[in-house]
Enquirer: 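This is the structure, below, for whatever I ask next.
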Amino acid sequence: MTDPPFGFGRPGDRGGAGDSGGTPGGGPLGDPQQFADALRQFADLMSWQGGPVNWDLAKNVARQTVAAKGDPSILDVERQKVVDAIRVADLWLEDATTFPTGIRAAQAWSRSEWVEATLPVWSKLCDPIAARAVDAMGGLLTEDPEELGGELPPEMRSAMTAMTGGMGGLGALGGLGQMMRRIGGMMVGGQTGAAIGTLAREVVSSTDVGLPLGPEGTAALLPAGVTAFGEGLSVNADEVRLFLAMREAAHHRLFAHVPWLRARLLGAVEDYARGITVDTSALRDAMPQLDPANPEALNEALAGATLFQPEDTEQQKAALARLETVLALVEGWVATVVDSVAADRLPQASSLAEAIRRRRATGGPAERTFATLVGLELRPRRLREAASIWRGLTEARGMSGRDAVWAHPDLLPTADDFDDPDGFVRGRPELDISDLDKPGLSGGPGDGPSDGPGDGPAGPELPEEGQPPAES
């Protein structure tokens, strides 16, 4: 950036917002009142006590990011259309799956409401990486505190000195370590908030990225997102809304009635995040842009940096493979169920399904945004293969036999099965899940040895919890 951050200015330069010229008489810190306001704002941000990320700042930045490009209130007629579409779509799904409804409330959200509703899950997903970034900020002090202090904007150095009583140089400040950790939380909070706000402009529902981000049992569509999705498709708006409502309702049925699925998906993201390292040089380079009055300046400074870097360990590779596999299976099941219902009810069902596949396959800004948040690209890379397995299971075993595969994670197809979908469908002709709770099959501590695949009518031998499934 060539201009100083908003709220601060060098002698003779333009001032902050609202100034038309220099700041004569303001001294090296610019307008004294402006500096005092920034100092108070900085003090408020530094008082955050809720964990590694300043989530109050993240929420405010997300909402500002959404509002910057417009987020009109939802009219009552729009809300009613969304609620009606979700109810109709959920009713139609009764013919396509054995899972009962998972919806307790149907809502229409603005983009700001999506931010509010999903922030609790984002905080859970992002805290492992954020904690590393905060630790990295504190670690910068061990190199050369005086040099680090020199990289801060002069106004920030003055603010820090004022807040700590002017106790000599920055390196002599007793509370500098904790202060730098809070600055780290502020930096990550600002960047995270901007990323969530950007994502809010692209999603169409609470489950659009494949993860259960909203409150459990609350199905929601974003009218603005639905409209944006339908642009250029030459499909009736009511039909677009019903199709997206079916996808939302199908996700909720799956997440509500496969009790281990939510934890497995979110846990895989967290496991991957724990293997992320933080590029301290990117943090150091961004320090001059640190301005509590303009969090977007920091986001711009970090936009081109690869702040989060995977360690590429075996554990992290396994977490990523597990996440991509389960995500593809979720999306493939949803696509299979929705397509079977929509084909006879929506004239443009095939066009809408193809639009979803293109959207998921090409990624785009939303995918890059998620990479900013948790350090990975969230894409079901093998969606077609997963959908092929679910369609094959439907044809071979019927609706109930297909859905029964979700009874236990060890019964699901693996990444290797994606290479031979027909082989998976044919390879387990008799799927008996009745003995899953018996000793030896539950994988719990103290259980005896399980029966082998040839010892009775039971399905494939289930390994202990946390181990890979036995090969067919």
Side-chain angles (χ1 to χ4, degrees), residues 81-82 84-99 101 103 106 202-210 219-254 324 327-367 378-399 401-403 405 413 418 421-422 424-425:
K81 285 181 179 180
V82 166
D84 290 345
I86 291 174
R87 288 173 176 168
V88 170
D90 199 37
L91 181 63
W92 285 353
L93 289 176
E94 291 291 330
D95 297 333
T97 176
T98 59
F99 296 134
T101 181
I103 297 174
E202 302 171 19
V203 296
V204 301
S205 68
S206 74
T207 59
D208 194 22
V209 299
L221 295 182
L222 283 69
V226 173
T227 299
F229 175 83
E231 289 176 354
L233 294 181
S234 300
V235 179
N236 179 275
D238 292 337
E239 193 170 342
V240 172
R241 189 184 305 108
L242 276 167
F243 185 84
L244 296 177
M246 277 192 284
R247 288 182 51 82
E248 173 77 349
H251 276 100
H252 277 275
R253 285 181 181 245
L254 191 60
E324 289 183 338
L327 187 63
L329 290 172
V330 168
E331 291 298 292
W333 183 89
V334 167
T336 300
V337 169
V338 169
D339 289 351
S340 69
V341 173
D344 297 330
R345 291 176 170 88
L346 301 180
Q348 299 296 322
S350 59
S351 298
L352 291 166
E354 182 58 31
I356 288 290
R357 283 191 289 269
R358 288 198 307 269
R359 187 171 183 256
R360 298 299 274 160
T362 58
E367 184 171 306
L378 190 69
R379 184 191 299 181
R381 301 179 186 276
R382 310 194 69 178
L383 175 57
R384 291 183 184 273
E385 292 88 343
S388 178
I389 287 178
W390 292 122
R391 286 195 301 270
L393 288 173
T394 305
E395 295 170 1
R397 306 177 187 173
M399 187 172 65
R402 176 202 65 203
D403 292 349
V405 175
F418 288 169
D422 291 339
F424 177 83
V425 173

Enquirer: How long is the span from the CD1 atom in Ile86 to the CD1 atom in Ile103, to the nearest 0.5 Å?
Expert: 6.0 Å
Enquirer: Distance from Arg382 atom CZ to Leu327 atom CG, nearest 0.5 Å?
Expert: 14.0 Å
Enquirer: Answer yes or no: is there a side-chain heavy-atom contact under 4.5 Å between Leu93 and Phe99?
Expert: no
Enquirer: According to salt bridge (Lys or Arg N to Asp or Glu O under 4.0 Å), does anything in residues 334-351 pair up with another residue at least two apart or in another chain? List the pairs.
Expert: Asp95-Arg345
Enquirer: To check you understand the geometry: which heavy-atom pair defines the closest contact between Leu221 and Leu244, and what is its length?
Expert: CD2-O, 4.0 Å
Enquirer: Heavy atoms only: give me the nearest Trp333-Ala250 pair and the separation to one decimal.
Expert: CZ3-O, 3.5 Å
Enquirer: For Asp208, enumerate each residue passing the side-chain hydrogen bond (donor to acceptor under 3.5 Å, both in side chains) test, keeping only those at least two apart in sequence or located in another chain.
Expert: Arg359
Enquirer: Can you give me the closest heavy-atom contact between Ala219 and His252, atom names plus distance?
Expert: CA-NE2, 3.4 Å
Enquirer: Check whether Ser388 reaches the backbone of Arg384 with its side chain - one donor and one acceptor, N or O, closer than 3.5 Å.
Expert: no
Enquirer: For Arg87, is there an ion pair with Asp90 - N to carboxylate O distance below 4.0 angstrom?
Expert: no
Enquirer: Do Glu239 and Pro347 touch side chain to side chain, with heavy atoms closer than 4.5 Å?
Expert: yes
Enquirer: Measure the CD-CD1 distance between Glu354 and Ile356 for me, rounded to the nearest 0.5 Å.
Expert: 10.5 Å
Enquirer: Aromatic ring centroids of Trp390 and Phe424 under 6.0 Å?
Expert: no
Enquirer: Step by step, would you call Thr101 with Arg253 a side-chain contact (heavy atoms from CB on, under 4.5 Å)?
Expert: CA-CA 5 Å; Thr101 181; Arg253 285 181 181 245; 4.1 Å; yes
Enquirer: Can you give me the closest heavy-atom contact between Gly392 and Val425, atom names plus distance?
Expert: O-CG1, 3.7 Å
Enquirer: Measure the CD1-CG distance between Ile389 and Asp422 for me, rounded to the nearest 0.5 Å.
Expert: 9.0 Å
Enquirer: Kindly indicate whether the side chain of Pro223, heavy atoms from C-beta on, has any atom under 4.5 Å from the side chain of Val82.
Expert: yes
Enquirer: Does Thr207 have any side-chain hydrogen bond (donor to acceptor under 3.5 Å, both in side chains) partners at least two apart in sequence or in another chain, and if so, which?
Expert: Glu248, His251
Enquirer: Identify the two heavy atoms, one from Ala328 and one from Leu383, that lie closest to each other, and give their separation to 0.1 Å.
Expert: O-CD1, 4.1 Å
Enquirer: Could you walk me through whether Trp92 and Leu242 satisfy the side-chain contact (heavy atoms from CB on, under 4.5 Å) test, starting with their C-alpha distance in whole Å, then the side-chain angles of each, then the deciding distance to 0.1 Å, before giving a yes or no?
Expert: CA-CA 10 Å; Trp92 285 353; Leu242 276 167; 4.0 Å; yes
Enquirer: On a heavy-atom basis, which atom in Ala349 and which in Ala342 lie closest, and how many Å separate them?
Expert: CB-O, 3.5 Å
Enquirer: When rounded to the nearest 0.5 angstrom, what distance separates CZ in Phe418 from CD in Glu324?
Expert: 10.0 Å
Enquirer: Report yes if the side chains of Glu331 and Arg357 come closer than 4.5 Å at any heavy-atom pair, otherwise no.
Expert: no
Enquirer: Let's go through Arg402 and Thr394 carefully: what are the C-alpha distance in whole Å and the side-chain angles of both, what is the deciding distance for side chain to side chain donor-acceptor pair (under 3.5 Å) to 0.1 Å, and is it a yes or a no?
Expert: CA-CA 5 Å; Arg402 176 202 65 203; Thr394 305; 3.2 Å; yes
Enquirer: Got a second to check how far Thr336's OG1 is from Leu393's CG, nearest 0.5 Å?
Expert: 9.0 Å
Enquirer: Side chains of Val405 and Arg397: does their closest heavy-atom pair fall under 4.5 Å?
Expert: yes
Enquirer: Taking it one step at a time, do Asp84 and Lys81 satisfy salt bridge (charged side-chain N to carboxylate O under 4.0 Å, His left out)?
Expert: CA-CA 5 Å; Asp84 290 345; Lys81 285 181 179 180; over 6 Å; no
Enquirer: Can you check whether Thr98's main-chain N or O pairs, donor with acceptor, with Asp403's side chain at less than 3.5 Å?
Expert: yes
